[in-house]
There are 2 protein chains.
Amino acid sequence: MAFHALSRLTPRAREIVQTARQLLEREGPDALSMRRLADQLGIRASSIYEHLRDKQALEAALISVGFEEQAELFGEAVHRSDAPIAALIAAYRAFARRQPNLYRLMTERPLRRDLLASGVEEAAAMPLLDATGGDRERARAIWAFAHGMVILELNQRFPPGADLDTTWRKGIDALVGTG
Amino acid sequence: MAFHALSRLTPRAREIVQTARQLLEREGPDALSMRRLADQLGIRASSIYEHLRDKQALEAALISVGFEEQAELFGEAVHRSDAPIAALIAAYRAFARRQPNLYRLMTERPLRRDLLASGVEEAAAMPLLDATGGDRERARAIWAFAHGMVILELNQRFPPGADLDTTWRKGIDALVGTG
DNA sequence: GGAATGCCCTAACGGTGTTAGGGTAGCGCC
DNA sequence: GGCGCTACCCTAACACCGTTAGGGCATTCC
């Protein structure tokens with residue numbers, strides 16, 4: 001199911017995107033260059049353009065995959081639990097920690113929505129909207145808190161000793177109320 | 001007072017940082033290259049290295065200035081208002097909207113604290129800690145929410161019609177409680 | 001056999017951060 | 001007056017980046 005976001009790509013393009021993902025996550029954002037990626041594939045950088053229009057398209061494909069996986073993970077979390085919001089938030093944090101570089105790529109700049117696989121952004125957002133009973137305001141506030149916590153944590157902006165589990169819990173309690 | 005963060009730099013280095021700030025804010029992050037900056041100054045890129053160790057040092061100087069200005073603005077907001085947290089959050093949002101590129105630079109990656117002017121990060125964080133009466137957990141949760149809202153807004157991640165003023169208000173109300 | 005498709009190549013362009021090594025104008029000091 | 005020092009700038013080059021132009025070579029299909 002995780003390959004649907006790439007269904008419009010040729011098989012070779014899919015391979016390239018998969019390799020790019022491993023490269024990004026294993027060696028960090030600076031390693032995700034067309035030349036480094038080509039090295040990894042055993043070809044020259046210019047050959048990549050035979051399969052993907054440019055680097056933006058590559059990044060959009062990676063982001064699409066990320067959204068699709070989020071949709072799956074978050075939907076599952078909501079369904080499995082009787083405290084759906086807390087479960088979803090835990091899944092959100094886990095996603096970011098497991099693949100911090102992909103998470104950064106997905107959030108650090110405005111999205112090129114015209115390059116994304118259609119529907120993936122909405123699919124990733126849906127479980128939270130479900131969990132809040134369709135309350136968009138609350139969903140947005142919770143999302144903002146979760147993203148803020150995740151990215152400040154990834155960027156090591158909290159003091160070393162900070163008890164972030166407690167901060168998460170208190171923040172969620174406040175924003176969810178009796179949800 | 002906004003120049004204290006640069007007090008360890010030579011006068012020429014200060015000029016370069018000021019020019020860099022204008023360039024960053026007026027033409028965006030891609031414009032902040034050593035060559036573009038040098039053009040703006042009427043010199044060659046390599047001459048900049050006479051005054052600043054490298055680009056990281058330049059960015060650290062910009063970030064230091066940003067923290068110092070935040071400290072001043074946030075401190076003022078807290079002192080002027082009888083709803084200090086709400087006032088501080090409004091100032092936080094205003095800072096980010098007025099200089100989005102500097103705000104991004106300040107938050108998008110882990111800080112090189114060894115390169116910052118000493119004390120500026122703490123000075124910027126102090127007003128919020130004051131406003132929460134020293135409650136670090138609450139301060140962190142509020143900060144995470146505020147940063148999340150700001151950066152998602154800057155990155156245009158909310159739907160076009162979203163009523164963000166309401167989201168801000170509800171989020172703050174929930175996190176602040178009767179504060 | 002001939003055409004089309006898929007995939008890769010070399011070579012180059014203009015951009016990036018950065019370094020090595022050299023120059024020159026102005027100032028204080030003997 | 002001349003010496004040295006400081007502040008400031010220079011050219012040339014290196015290795016990297018994304019990207020394009022133009023060419024080659026096998027496999028597949030008619």
Side-chain angles (χ1 to χ4, degrees), chain A residues 3 6-63 101-102 104-105 108-112 114-115, chain B residues 3 6-63 101-102 104-105 108-112 114-115:
Chain A
F3 299 158
L6 304 183
S7 62
R8 292 206 167 174
L9 300 180
T10 63
R12 185 56 170 145
R14 278 194 283 269
E15 287 178 18
I16 294 173
V17 173
Q18 304 282 3
T19 303
R21 181 179 183 175
Q22 294 172 15
L23 186 60
L24 171 65
E25 217 46 78
R26 285 214 268 257
E27 303 194 37
D30 289 352
L32 190 62
S33 77
M34 300 304 265
R35 282 175 173 85
R36 298 277 303 267
L37 174 56
D39 279 354
Q40 202 69 203
L41 289 158
I43 62 177
R44 303 293 160 141
S46 61
S47 301
I48 296 175
Y49 293 81
E50 189 76 23
H51 310 285
L52 294 160
R53 168 180 279 275
D54 53 23
K55 199 185 180 188
Q56 273 197 332
L58 171 66
E59 291 178 350
L62 288 168
I63 292 171
N101 293 319
L102 179 58
R104 268 210 181 81
L105 183 65
E108 74 188 350
R109 267 172 298 167
L111 286 176
R112 285 294 308 267
D114 54 327
L115 301 181
Chain B
F3 298 159
L6 304 182
S7 62
R8 292 206 168 175
L9 300 181
T10 64
R12 186 57 170 144
R14 277 194 283 269
E15 288 178 20
I16 294 173
V17 174
Q18 302 283 3
T19 303
R21 181 179 183 176
Q22 295 172 15
L23 186 60
L24 171 64
E25 217 45 76
R26 286 215 268 258
E27 304 193 36
D30 290 351
L32 191 62
S33 79
M34 300 303 265
R35 281 175 173 84
R36 297 276 304 266
L37 175 55
D39 279 353
Q40 201 68 202
L41 289 158
I43 62 178
R44 304 293 161 142
S46 62
S47 302
I48 295 175
Y49 293 80
E50 189 76 23
H51 310 284
L52 294 160
R53 170 179 277 275
D54 53 23
K55 199 185 180 187
Q56 273 196 332
L58 171 66
E59 290 178 350
L62 288 168
I63 291 170
N101 294 318
L102 179 58
R104 268 209 181 83
L105 184 65
E108 74 188 349
R109 268 172 298 167
L111 286 177
R112 284 295 308 269
D114 54 328
L115 301 180

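The figures here come from the full heavy-atom set of this structure, side chains too, leaving out hydrogens, waters and symmetry mates. All chains are named by letter (A, B, ...) in the order of the sequence lines, taking the proteins before the strands, and each is independently numbered beginning at 1. Remember, it's a predicted structure, so these values are computed and weren't measured experimentally.
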Enumerate, atom names and distances included, each donor-acceptor pair closer than 3.5 Å involving a side-chain atom of residues 47-55 of chain B, sequence neighbours excluded.
from, atom 1, to, atom 2, distance (Å)
B/D54, OD1, B/Q56, N, 3.3
B/D54, OD1, B/A57, N, 3.0
B/K55, NZ, B/L32, O, 2.8

*How many angstroms lie between atom CG of A/L105 and atom CD1 of A/I63, to the nearest 0.5 angstrom?*
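Going from the CG atom of A/L105 to the CD1 atom of A/I63 covers 4.5 Å.
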_Within this structure, what is the CG-CG distance for the pair A/D30 and A/L24, rounded to the nearest 0.5 Å?_
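Result: 10.5 Å between the selected atoms.
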*Apply side-chain contact (heavy atoms from CB on, under 4.5 Å) to B/P110 and list each qualifying residue two or more places apart in sequence or on a separate chain.*
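Applying side-chain contact (heavy atoms from CB on, under 4.5 Å) to B/P110 gives A/R104, A/N155, A/Q156.
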_Partner set under side-chain contact (heavy atoms from CB on, under 4.5 Å) for B/R35, not counting sequence neighbours_ =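 Result, side-chain contact (heavy atoms from CB on, under 4.5 Å) vs B/R35: B/S33, B/A45.
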*Quick one: salt bridge (charged side-chain N to carboxylate O under 4.0 Å, His left out) partners of B/E15, sequence neighbours excluded?*
B/R12
*Counterpart residues, salt bridge (charged side-chain N to carboxylate O under 4.0 Å, His left out), relative to B/R21 (two or more places apart)*: B/E69
*Describe the nucleic acid contact of B/R12 in one word from base, sugar-phosphate, nothing, applying a heavy-atom distance below 4.0 Å.*
sugar-phosphate
Going by side-chain hydrogen bond (donor to acceptor under 3.5 Å, both in side chains), name the residues that satisfy it together with [X], two or more places apart in sequence or in a different chain.
X      : value
B/E25  : B/N101
B/Q22  : B/R26
A/D114 : A/R112
B/R36  : B/E27

d([atom1], [X]; [atom2], [N]) in whole Å:
X     : N      : atom1 : atom2 : result
B/R35 : D/dA13 : CZ    : C1'   : 11 Å
A/D39 : D/dA15 : CG    : C1'   : 14 Å
A/L37 : D/dG18 : CG    : P     : 9 Å
A/R36 : D/dC17 : CZ    : P     : 7 Å
A/Q56 : D/dT20 : CD    : C1'   : 17 Å

*Going by number, which of residues 46-54 of chain B have a non-hydrogen atom under 4.0 Å from DNA chain D?*
B/S46, B/S47, B/E50, B/H51
*Kindly state which residues belonging to residues 20-34 of chain A come within less than 4.0 angstrom of DNA chain D, counting heavy atoms of the residue only, listed by number.*
A/L32, A/S33, A/M34
*Using a heavy-atom cut-off of 4.0 Å to chain B, what are the terminal contacting nucleotides of DNA chain C, in 5' to 3' order?*
C/dT16 to C/dT19
